[in-house]
Amino acid sequence: MLDVRRVRSELDVLKAGLARKGADTAELDRLAELDGRHRRLAERRDEVRAKVNHLSKEVGRLRREANHEGAEARMDASRRLGEQEKALAAEAEQVAAELRDLLLRIPNLPADDAPDGVDEADNVVVRVVGHDHEAFGDHQRVPHWEVGGALGILDLERGAKIAGSMFPLYRREGASLIRALTAWALHSHADAFEEIRPPTLVRTATITASGQLPKFADDAYHLERDDLWAIPTAEVPLTSMAAGEILAEADLPMRFAAATPCYRREAGSAGRDTRGLLRVHEFEKVEILAYCTPEQAVTVHAELLGRAEGLVGDLGLGYRVLDICTGDLGQSQARQFDLEVYAPGCDQWLEVSSISWFGDYQARRADVRYRHRDDAKVGFVHTLNGSALAWPRIWAALVETGRQPDGSVVLPEVLSPWLGGTTTIGASPVG
RNA sequence: GGAGGGAUGGCAGAGCGGCCGAAUGCGGAGGUCUUGAAAACCUCUGGGCGUGAGCCCCGCGGGUUCGAAUCCCGCUCCCUCCGCCA
């Protein structure tokens, strides 16, 4: 969330920022109004409290001096003030609640260097790597749901039978491939990222801290009976790992990597990308996340992007990097790069990673702070995270790209150690 | 699921309803002393709101009271035992 105080000193700056995101700037006026009301009420409440505190102290003193009439008089006066205090406190609390709720819904400001734009059409292609549109043969122009079905490694029908559409079921080498990708990716990050296996059902406070709630509750699975939320990404538990803590600057940046299942209701996208693995309710993903100082943020952002690109490159997939425009940024993001791989079978660029910088927006929600090395002052950390990587679309791109003229699929050599030495699926004897 | 016990500052640990934002010890920072270090001694050492007087925070949220770390209720978490269980 934003720092409310900025609404008092630089309202115009906030409005300009939110306007770039295409957000409703009138909410800032309401925020300013609530903030002003709350401060006035709190001030009056505190004045009354101060009097009550003072009178109560006197009661104690007078009692000790056996001055019972004096004590009684103070108690009467204090009792009357108490009524006032109660009313003022209730009013202040109500305004504070409104303020909190509004604050949680107001988006983050975009970074200055995020490209302006209104929707995904305005995203900027920063670079295209290892892609040659003409290089694919007809044997690669088969969508992965057909390849997977023919090889018996993807069984969408049975997935649907068990859980519904968009709940994929992988078989044999198809299932092993997911496991291999996860092991390989975690291993690749192990040099700098602490591996975490977090809970995947979390409290309301946890999923609110990273920004999914309260605004996007419909997108998440909720277990009502236990009031727990199924995480849509490991970003959610990882962001709250240090919630309520004050970290030492010397420990920053802190880097974490986690492989988890991710659950998304995909409300509002019904009918889009329903074939195959392009959009699913449950999938596995390796997420990398960092807490750092504001000064480190740009470097760490580049580092995370480099990590994701490195993996895609090592898999031998062609990809492009998009600089997400202000209008397409999520609520919490200040800057975001997307990685898209090219899948020849469905002839589409598939988003397989989103590497985001949140500034202190999430840190304020989660209350993650750090103590400066020099002056011991406390400030909010910056959070960054990215997928590295999300597997269903990688699975699709690998299967389509690796398809041979004989219908078998050859996977990248880097996965060999994680696949028991075989990189070929459905090989017919070479003849 | 059942029965108990607990939650206080970085850690340990005290705290008759008022003089407690909180003793004491350890840890940490600075200083004196020393060629340097150790030891000893001295000082400092939680977070937040408010321009300020001031206000809030002793797990969280309510309540009682003139006044709550202290009393009452609810919740969360931790520990012990029983039951169940991958």
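First the proteins, then the strands, lettered A, B, ... as listed; each starts at 1. Note that the coordinates shown come from a computational prediction; the quantities given were computed from them, not determined experimentally.
- Checking U51(B), C66(B), G48(B) against the side-chain heavy atoms of Ser56(A) singles out C66(B) as nearest.
- Side-chain proximity of Lys86(A) to the nucleotides U64(B), G46(B), G18(B) is greatest for U64(B).
- When the salt bridge (charged side-chain N to carboxylate O under 4.0 Å, His left out) test is applied to Arg255(A), the partners found at least two apart in sequence or on another chain are Glu303(A).
- Of all nucleotides listed (G48(B), C66(B), U51(B)), G48(B) comes nearest to the side chain of Val378(A).
- Between the CG atom of Asp35(A) and the C1' atom of G50(B) there is a distance of 11 Å, given to the nearest Å.
- Taking 4.0 angstrom as the limit, Arg63(A) places none of its side-chain polar atoms (N or O) nearer than this to OP1 or OP2 of C19(B).
- Each of G47(B), C66(B), U76(B) was ranked by its minimum atom distance to the side chain of Arg203(A); first place goes to U76(B).
- The distance between atom CG of Asp251(A) and atom C1' of G10(B), rounded to the nearest whole Å, is 13 Å.
- Proximity of Arg371(A) to the phosphate of G46(B): no side-chain N or O atom is located under 4.0 Å from OP1 or OP2.
- In this pair, His382(A) and Trp357(A) present their aromatic rings tilted. The plane angle is within the 30 to 60° band.
- Separation of atoms OG (Ser78(A)) and CG (Asn53(A)) is listed at 8.5 Å; rounding is to 0.5 Å.
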Sequence-aligned protein contact record of nucleotides 54-61 of chain B, with B where the base is within under 4.0 Å of a protein heavy atom and S where only the sugar-phosphate is: SSS-----
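- Rounding to the nearest 0.5 angstrom, the gap separating the OG1 atom in Thr208(A) from the CZ atom in Arg365(A) is 7.0 Å.
- Here the closest non-hydrogen pair linking Ala363(A) and Val381(A) is CB-O, 3.2 Å.
- Distance Glu83(A) CD to U65(B) P: 10 Å, rounded to the nearest Å.
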Which atoms of nucleotides 84-86 of chain B (N or O only) lie under 3.5 Å from a protein N or O atom, and what are those distances?
none

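- A donor-acceptor distance shorter than 3.5 angstrom exists from the side chain of Arg20(A) to the backbone of Ala111(A), with no hydrogens or angles considered.
- Picking from G47(B), C66(B), U51(B) the nucleotide with the shortest atom distance to the side chain of Arg369(A) gives G47(B).
- Considering OG of Ser176(A) and CG of Leu181(A), their distance stands at 10.5 Å, rounded to 0.5 Å.
- Here the side chain of Arg393(A) pairs a donor or acceptor atom with the backbone of Glu351(A) at under 3.5 angstrom.
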